[in-house]
Every structure is written in C-alpha cells, then in structure tokens.
Asks: 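This structure is in structure tokens; I'll ask about it shortly.
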Amino acid sequence: MTPGASFPAAPEWDRRRRSVVRDALGVGVATGAYGLSFGAIGVAGGLSVAQTCATSVLMFTGASQFALVGVLAAGGGAPAAAVTAVLLGARNALYGLRLSSLLELTGLRKVVGAQMVIDETTAMCIGHEDSVRARRLAFWATGLAVFTLWNLATLVGALAGTALGDPQTYGLDAAVPAAFLALLWPRLDTPRARWVAVGAAGVALALTPVVPAGLPVMAAAGVAVLAGLTWRDAAT
C-alpha cells in the first residue's frame, strides 16, 4: 500500500459516522419520548418515583418494564411480576448471542454492552454488518442515546404522574394495559401471531376470576411458548 492510500477513505468514514450518530440520536429521542409514558404509568401502577426510575436504570427494556408494572397494578405479587418481565425480556438474550459475534467485546465493555442489548441497538448494529467500526459505533451511540433519554424521560414522567395525584381520577390506571397493548399490536402482523394472541387472551380472561392476580399473564405467556414449540417441531 502506498503512503496516503488510506486517505480517501477518511471523508467517507466521516460521512458515515455522522449518519450513524444522527440516526442513533433520532432513535434515542423517539424512544425517550415513550419513556414519559412509562414514568407516569409506573407511579400510576403503585411504584414510587425512585422505584420507577430504578426499573429503567436496572432493567432497561421497555416491554418488560410495562409488564412488571401491569402485573403489580393488577394486584399481582412481586414474583409473578418478575417472572412475566423475565419472559418478555428473554429475547434480549437471543439478541446478545447474535451481537456477541458482531461486536467482539471483551472485559468491562462486554459487561456494559450487555445492559445495552435491546431492540433498537440490535437493529442499528445489524444494519451496519459490513463494517466492524460502523456497527460498533451504531451499537454504542444508540445504546447511550436511548439509555440516557429513556431514563431522563422516565424521571420526568414519574414526577408528572405524582403531581397529578390519584391516577384513577384521570383514568391513568387504565394506561398500563393500554400501553402494553400498544407494544403488542404491531407484532400481530401474521395470522399465526394473531391466533396465538387470541388464544393467550382467552386463557387469561378465563383464569382472571379464579386465580390470583399475575397468574393469568403467566399462563398467557405459557400459551405463546407452547405454540412456538409446537410450530417449531412441526416445521422440523
């Protein structure tokens, strides 16, 4: 390679870097705005401001956080809420397996990176598979943007929800299931997914009058797991 042969790549990388960072910030702003809803819903579901913020810092996975609050708001115990949240967050472990080979992180970076494995960082990273440098930048820029703005928005939403007073006065107690439905709805994009959702909802509705709060949600999740295993076996 002749001296200076790598120079033409520099402007190209600068343009790509700006593009990646811009996209990451856009994802962070959009996701952070949704954090306002979680903050308000968290306190509406019975958590304190500190507890609501702690879930965003420590769990940092929106669907699981909404599930946790939803079970608690319905009167379920902490074990049922935790199991439901873990079931929904299990997909992040699969993301981690995929990203491990793409990012090749080691040491402390691997530990911190594990906390950043969410839908958004996975999508951004995989979108730049052609370049190790770009996919690492996409992962970290998106992760830091979403983490920062999600947690700030959670705090603002929780403080605002506390200032409103009794959530039932404004109908905020209904916001938890509504938000969870909003998360679920875009994923019902195939007939199979819709049939699984109908079956899970039917099981949950049937069990609600006869079992403790939180168990119907776990049973509904079991329907989805069983359906997935059944269809996978049928396909092999």
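The model shown is predicted, which means the values in this text are computed figures rather than measured ones.
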Asks: Inspect the surroundings of CZ in R109 and state if more than 12 heavy atoms from other residues, nucleotides or ligands are less than 6.0 Å away.
Replies: no

Asks: Mind checking the CD1-CG spacing from I41 to L47? Nearest 0.5 Å is all I need.
Replies: 11.5 Å

Asks: Quick one: pull up CG in L25 and OG1 in T148 and give me the separation to the nearest 0.5 Å.
Replies: 10.0 Å

Asks: Are any non-hydrogen side-chain atoms of L68 and M59 less than 4.5 angstrom apart?
Replies: yes

Asks: If we only count heavy atoms from C-beta on, is the V27 to D23 side-chain gap below 4.5 Å?
Replies: no

Asks: Is there a side-chain contact (heavy atoms from CB on, under 4.5 Å) between V112 and W140? Walk through the geometry before answering.
Replies: CA-CA 10 Å; V112 176; W140 287 112; 4.0 Å; yes

Asks: Does a side-chain heavy-atom distance below 4.5 Å link F147 with V57?
Replies: yes

Asks: Closest approach of C125 and F139, non-hydrogen atoms and distance?
Replies: CB-CB, 4.3 Å

Asks: Side chains of H128 and R16, heavy atoms from C-beta outward: is any pair under 4.5 Å?
Replies: yes

Asks: Between OG1 of T61 and CD of Q115, what distance do you get to the nearest 0.5 Å?
Replies: 9.5 Å

Asks: To check you understand the geometry: which heavy-atom pair defines the closest contact between T154 and S56, and what is its length?
Replies: OG1-OG, 2.8 Å

Asks: Nearest 0.5 Å please: distance from the CG atom of L105 over to the CZ atom of R136.
Replies: 6.5 Å

Asks: Would you name the heavy atoms of G89 and S64 that are closest together and state the gap between them?
Replies: N-OG, 3.1 Å

Asks: Could you tell me if the side chain of L144 sits less than 4.5 Å from the side chain of M116, heavy atoms only?
Replies: yes

Asks: Does any N or O in the side chain of T55 come within less than 3.5 Å of the main-chain N or O of T52, such that one atom is a donor and the other an acceptor?
Replies: yes

Asks: Does a side-chain heavy-atom distance below 4.5 Å link V69 with L72?
Replies: no

Asks: What is the minimum heavy-atom distance between A24 and A145, and which atoms define it?
Replies: O-CB, 3.7 Å

Asks: I need the R18 CZ to D14 CG distance, nearest 0.5 Å.
Replies: 5.5 Å

Asks: Kindly indicate whether the side chain of L149, heavy atoms from C-beta on, has any atom under 4.5 Å from the side chain of T31.
Replies: no

Asks: Roughly how far apart are R17 CZ and E12 CD, rounded to 0.5 Å?
Replies: 13.0 Å

Asks: Ignoring hydrogens and angles, tell me if any N or O in the side chain of S19 forms a donor-acceptor pair with the backbone of R15 under 3.5 Å.
Replies: no

Asks: Run the numbers on I118 and T121 for side-chain contact (heavy atoms from CB on, under 4.5 Å), then give the verdict.
Replies: CA-CA 6 Å; I118 54 176; T121 55; 3.5 Å; yes

Asks: Is the closest side-chain heavy-atom distance between Y95 and I126 below 4.5 Å?
Replies: no

Asks: Testing the basics here: between R135 and L102, what is the closest heavy-atom pair and its distance to 0.1 Å?
Replies: NE-O, 2.7 Å

Asks: Treat each ILVMFWY residue as a node, draw an edge where side-chain heavy atoms are under 4.5 Å apart, and state whether V111 and L97 are in one component.
Replies: no

Asks: Determine whether Y34 and F60 fall in the same hydrophobic cluster, where Ile, Leu, Val, Met, Phe, Trp and Tyr are linked whenever their side-chain heavy atoms lie under 4.5 Å apart.
Replies: yes

Asks: Can you tell me how the ring of W150 sits relative to the ring of F66, calling it parallel under 30°, perpendicular over 60° and tilted otherwise?
Replies: perpendicular

Asks: Please tell me whether L58 and V117 are part of a single hydrophobic cluster in this structure, the criterion being side-chain heavy atoms less than 4.5 Å apart.
Replies: yes

Asks: Locate the shortest heavy-atom distance separating S101 from R98; write the atom from each residue and the value.
Replies: OG-O, 3.1 Å

